[in-house]
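Structure first, then comments.
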Amino acid sequence: MTLPLRITLFAASLLTFGYMTVKIRDSKMRLEDSLFWFCFSALLLLASIFPQVFFSLSNLVGTMSPSNFVFLFFIFILLIVCFRLSVRLSQLDTKLRELTQQLAIEKLERHYNDESHAKRG
């Protein structure tokens with residue numbers, strides 16, 4: 001791994017870590033959601049400091065070059081994150097639909113109650 005690439009990875013990991021810290025401090029992101037990005041940042045930091053790890057893992061897995069292994073590894077990680085976000089989005093969509101239905105029922109009940117009070121009075 002070349003020195004400029006290692007420096008870029010090191011800088012990217014520090015920037016990611018700093019950005020997530022600011023977002024948590026500003027309450028724009030939950031700590032649970034940022035945990036992945038902190039781990040991702042740490043992984044980039046390790047890759048920039050100890051590039052031999054990716055060479056060893058590349059040989060272990062059997063990829064042709066370490067760069068192929070790095071791409072494969074990060075694509076796999078991002079697919080996991082994408083799946084997790086899809087599940088969470090589906091859950092939030094279901095909750096939103098249920099809350100909307102509940103609100104509509106409450107408004108309808110309130111409307112009927114107002115009409116019945118108006119007829120009595």
Side-chain angles (χ1 to χ4, degrees):
M1 191 177 301
T2 64
L3 185 61
L5 179 60
R6 291 174 67 184
I7 292 171
T8 303
L9 285 175
F10 187 80
S13 66
L14 291 181
L15 288 173
T16 303
F17 186 79
Y19 185 72
M20 288 300 112
T21 303
V22 168
K23 287 297 181 186
I24 290 170
R25 198 175 293 153
D26 293 343
S27 298
K28 304 240 178 185
M29 182 177 244
R30 293 181 347 183
L31 184 60
E32 297 87 26
D33 295 334
S34 65
L35 186 62
F36 164 77
W37 293 106
F38 282 126
C39 291
F40 186 78
S41 174
L43 190 61
L44 283 178
L45 188 64
L46 287 174
S48 67
I49 296 172
F50 305 110
Q52 310 87 312
V53 172
F54 283 105
F55 285 97
S56 300
L57 290 173
S58 174
N59 288 335
L60 183 70
V61 173
T63 56
M64 294 298 243
S65 70
S67 61
N68 290 344
F69 174 75
V70 169
F71 285 130
L72 179 68
F73 179 75
F74 283 112
I75 288 171
F76 179 71
I77 295 296
L78 292 174
L79 282 174
I80 290 171
V81 170
C82 185
F83 177 73
R84 215 179 100 232
L85 288 174
S86 295
V87 169
R88 190 160 168 216
L89 181 65
S90 295
Q91 291 171 343
L92 289 174
D93 186 50
T94 301
K95 285 181 182 180
L96 179 64
R97 189 177 339 103
E98 290 172 358
L99 286 172
T100 305
Q101 291 170 350
Q102 184 179 4
L103 182 62
I105 290 170
E106 289 175 4
K107 281 185 177 182
L108 184 65
E109 288 174 351
R110 195 174 327 128
H111 176 72
Y112 283 135
N113 286 339
D114 290 345
E115 280 184 359
S116 65
H117 286 309
K119 288 181 182 179
R120 288 184 200 165

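If you're wondering where the values come from, they're calculated on a predicted model, not measured in any experiment.
More than 12 non-hydrogen atoms from other residues, nucleotides or ligands lie less than 6.0 angstrom from CZ of R30.
Members clustered with L92: none, using a 4.5 Å side-chain heavy-atom cutoff among hydrophobic residues. Residue L79 is found in a hydrophobic cluster whose other members, listed by chain and number, are I75; membership requires side-chain heavy atoms under 4.5 Å apart, directly or through intermediates. Residue Y112 is found in a hydrophobic cluster whose other members, listed by chain and number, are L108; membership requires side-chain heavy atoms under 4.5 Å apart, directly or through intermediates.
No single ILVMFWY cluster, assembled from side-chain heavy atoms under 4.5 Å apart, contains both F71 and F54. Following chains of ILVMFWY side-chain contacts shorter than 4.5 Å, one can reach V53 starting from L60, so the two form part of one hydrophobic cluster. V81 and M29 end up in the same hydrophobic cluster when Ile, Leu, Val, Met, Phe, Trp and Tyr side chains are linked at under 4.5 Å. Residues W37 and L85 share a single hydrophobic cluster, defined by chaining ILVMFWY side chains whose heavy atoms lie under 4.5 Å apart. If you chain together hydrophobic residues whose side chains sit under 4.5 Å apart, I49 and V70 fall into the same group.
Interatomic distance, R97 CZ to T100 OG1, rounded to the nearest 0.5 Å: 9.0 Å. Between F40 atom CZ and L45 atom CG the span is 12.5 Å, to the nearest 0.5 Å. Rounded to the nearest 0.5 angstrom, D93 CG and S86 OG are separated by 12.0 Å. T94 contributes atom OG1, which lies 6.5 Å from atom CD of E98 (distance to the nearest 0.5 angstrom).
Counting only heavy atoms from C-beta outward, the side chains of L44 and F74 approach each other to under 4.5 Å. Side-chain atoms of V87 and S90, non-hydrogen and from C-beta on, never get closer than 4.5 Å to each other. You'll find the side chain of F73 reaches within 4.5 Å of the side chain of L43, heavy atoms only.
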Using residues 11-24 as the side-chain source, report each donor-acceptor pair under 3.5 Å to any protein atom, sequence neighbours left out, with the distance given to one decimal.
{"unit_1": "S13", "atom_1": "OG", "unit_2": "L9", "atom_2": "O", "d": "3.4"}
{"unit_1": "S13", "atom_1": "OG", "unit_2": "F10", "atom_2": "O", "d": "2.7"}
{"unit_1": "T16", "atom_1": "OG1", "unit_2": "A12", "atom_2": "O", "d": "2.8"}
{"unit_1": "T21", "atom_1": "OG1", "unit_2": "F17", "atom_2": "O", "d": "2.8"}

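In this structure, R110 does not pair ionically with D114, as no charged nitrogen and carboxylate oxygen lie closer than 4.0 Å.
Smallest separation of non-hydrogen atoms from S58 and F69: CB-CB, 3.9 Å. Scanning both residues, R6 and S48, for their nearest heavy atoms gives NE-O, 2.9 Å.
Evaluation of the side-chain hydrogen bond (donor to acceptor under 3.5 Å, both in side chains) rule for S34 yields no partner, not counting sequence neighbours. For E115, the side-chain hydrogen bond (donor to acceptor under 3.5 Å, both in side chains) test picks out H111, with sequence neighbours left out.
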